[in-house]
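Structure below; questions to follow.
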2 protein chains.
Amino acid sequence: MKKNTTKYAVLGLLTIEPLSGYEIKKMIQNSLAYFWSESNGQLYPTLNQLLKENWIVLSDNQSTSKKKSNRYEITEAGRVKLQKWMCQEEEEKSIHRDENLLKLFFGSNISKKECIQRLKNRKKRLQEKLKEYQAIENKLRKDSTSPHFIYWLLTVNCGVCGVQAAINWCRNSIITLEKAQRDEISK
Amino acid sequence: MKKNTTKYAVLGLLTIEPLSGYEIKKMIQNSLAYFWSESNGQLYPTLNQLLKENWIVLSDNQSTSKKKSNRYEITEAGRVKLQKWMCQEEEEKSIHRDENLLKLFFGSNISKKECIQRLKNRKKRLQEKLKEYQAIENKLRKDSTSPHFIYWLLTVNCGVCGVQAAINWCRNSIITLEKAQRDEISK
DNA sequence: CAGCTCATGTAAGGCGTTACATGATTGG
DNA sequence: CCAATCATGTAACGCCTTACATGAGCTG
């Protein structure tokens, strides 16, 4: 059984406020980018699917601009559906495919020097990512009155913690490999 | 452009030793399960594809058992291909879709109590996972002479660090939510 | 000989992305 | 009026999983 998680992402966003497809896309890019993404090819068909299932409806208050834009509202049925999904346990699926780890696992096929360089680059990228996340966190903290505040903060905090852990692991791994490299040479 | 990472997983495993499709599958299940998986529907077609591209060949030393089993060896071209892939930079794709975070993000749609319960369950699952990873780590440490040893240890260590970070985040998040819950009631 | 594991595959179908197509409106 | 942005979609394709199909050998 497949999930079609796009459905729930859309439903969730519509509990915040009525939105058009285009606005949903923007919102995901601006606020959820660090843990979620949607493509047009997924989003628009899903919206029509949700309509058919009566989990969302076309909002009658038209959009601010004069353009044709379909603004959607979540229905009561949609809310129930979303809540049910949110309360479902999901087993901890071990991140099914981590390409970085796969490469590391086969490290003996390239030189230690090369491996170390890869890790250093990775660490650098992660540090940039960390800055981004912290910027999001700081921006969030400025509007602590929203009912969503606490959840959004926890969400971005998860990203921060994860990246920090990855950076630490990179640092330690680099040290380990550098030590091994020195041992190799001295022999 | 898509990657077909299965190719590289197979090539990598064949640098360790010649293997049949079935053995590759077992190996992934037994040793790489915490960061990689393959299904038959992906594995066998990929093997034939690799054959056609001359990155692997049928090994002539037949398998231990008398059954028909196609054991494969990596070719020099295959090795080059693998090494090239390993030295390629990949941009840090922010884990494109994290369902747990998506649920948390929409937390205001359900009760704090429910959210806390979800997090507690998640933490428990993560702790079990941590034990598994540590068991793998301990098993690995017993054969420290292998040339793969250092890489395999680093790989599993990455898993351990990630899970530990996630557990800590869960713990802190639970505390934060419980505090918010108390504040709600006392008002 | 029944049932297990070994062993290799195929078919169907969902998920998801990329790239393209199409227009309307707005701003310079 | 030209370009950019707003706005909605579709077509094609790749990845990946699930489920099934098939058959050989092995074990009691």
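Per chain, numbering begins at 1; letters A, B, ... match sequence-line order. These numbers come from the heavy atoms of this one structure, side chains and all, not from hydrogens, waters or symmetry mates. Since we're looking at a predicted model, the values are computed, not measured.
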For this session: Using atom CD of B/Gln49 as one end and atom P of D/dG14 as the other, report the distance to the nearest whole Å.
Result: 10 Å

For this session: Send over the distance from B/Lys26 NZ to C/dT8 C1', rounded to a whole Å.
Result: 14 Å

For this session: Apply the side-chain contact (heavy atoms from CB on, under 4.5 Å) test between A/Leu82 and each candidate in A/Arg79, A/Lys84, A/Met86; give the one that qualifies.
Result: A/Met86

Exercise. What is the distance, rounded to the nearest whole Å, between atom CD of A/Glu99 and atom C1' of D/dC15?
Worked result: 13 Å

Seminar exercise, completed: When A/Tyr151, A/Phe35, A/Tyr8, A/Tyr34 are each screened for ring-ring contact (aromatic ring centres under 6.0 Å, His included) with B/Phe105, the one that passes is A/Phe35

Exercise. Does OP1 or OP2 of C/dT17 have a side-chain N or O of A/Ser37 closer than 4.0 Å?
Worked result: yes

Exercise. Of all the nucleotides listed (D/dT8, D/dC16, C/dC15), which has the minimum atom distance to the side chain of B/Asn4?
Worked result: D/dC16

Exercise. On DNA chain C, nearest-nucleotide positions of A/Gly41 versus B/Tyr44: which is more 5'?
Worked result: B/Tyr44

Exercise. Nearest of C/dG16, C/dA7, C/dA19 to any side-chain atom of A/Asn40?
Worked result: C/dA19

Exercise. Are B/Arg71 and B/Glu23 close enough for a salt bridge, meaning some N to O gap below 4.0 Å?
Worked result: yes

For this session: Write down the distance between CG (B/Leu58) and C1' (C/dA7), rounded to a whole number of angstrom.
Result: 14 Å

Problem set entry | Length of the line joining B/Leu19:CG and C/dT8:P, which is rounded to integer Å | 11 Å

Seminar exercise, completed: Closest to the side chain of B/Thr6, out of D/dT17, D/dC16, C/dG16, is D/dC16

Problem set entry | Rounded distance (Å) that lies between atom P of C/dT5 and atom OH of B/Tyr22 | 8 Å

For this session: Measure the distance from CD on B/Glu23 to C1' on C/dG9 and round it to the nearest whole Å.
Result: 17 Å

Exercise. Looking at A/Trp55, is A/Lys7 sitting on its ring face, NZ or CZ under 6.0 Å from the six-membered ring centre and within 45 degrees of the normal?
Worked result: no

Problem set entry | Length of the CD-C1' vector between B/Glu38 and C/dG9, whole Å | 15 Å

Exercise. Among D/dT17, C/dT18, D/dT8, which nucleotide sits nearest the side chain of A/Asn70?
Worked result: D/dT8

Problem set entry | Nearest listed nucleotide, side chain of B/Gln42, among D/dT17, C/dG16, C/dC6 | D/dT17

Seminar exercise, completed: Taken to the nearest 0.5 Å, the spacing of A/Thr5 OG1 from A/Trp36 CH2 works out to 3.5 Å

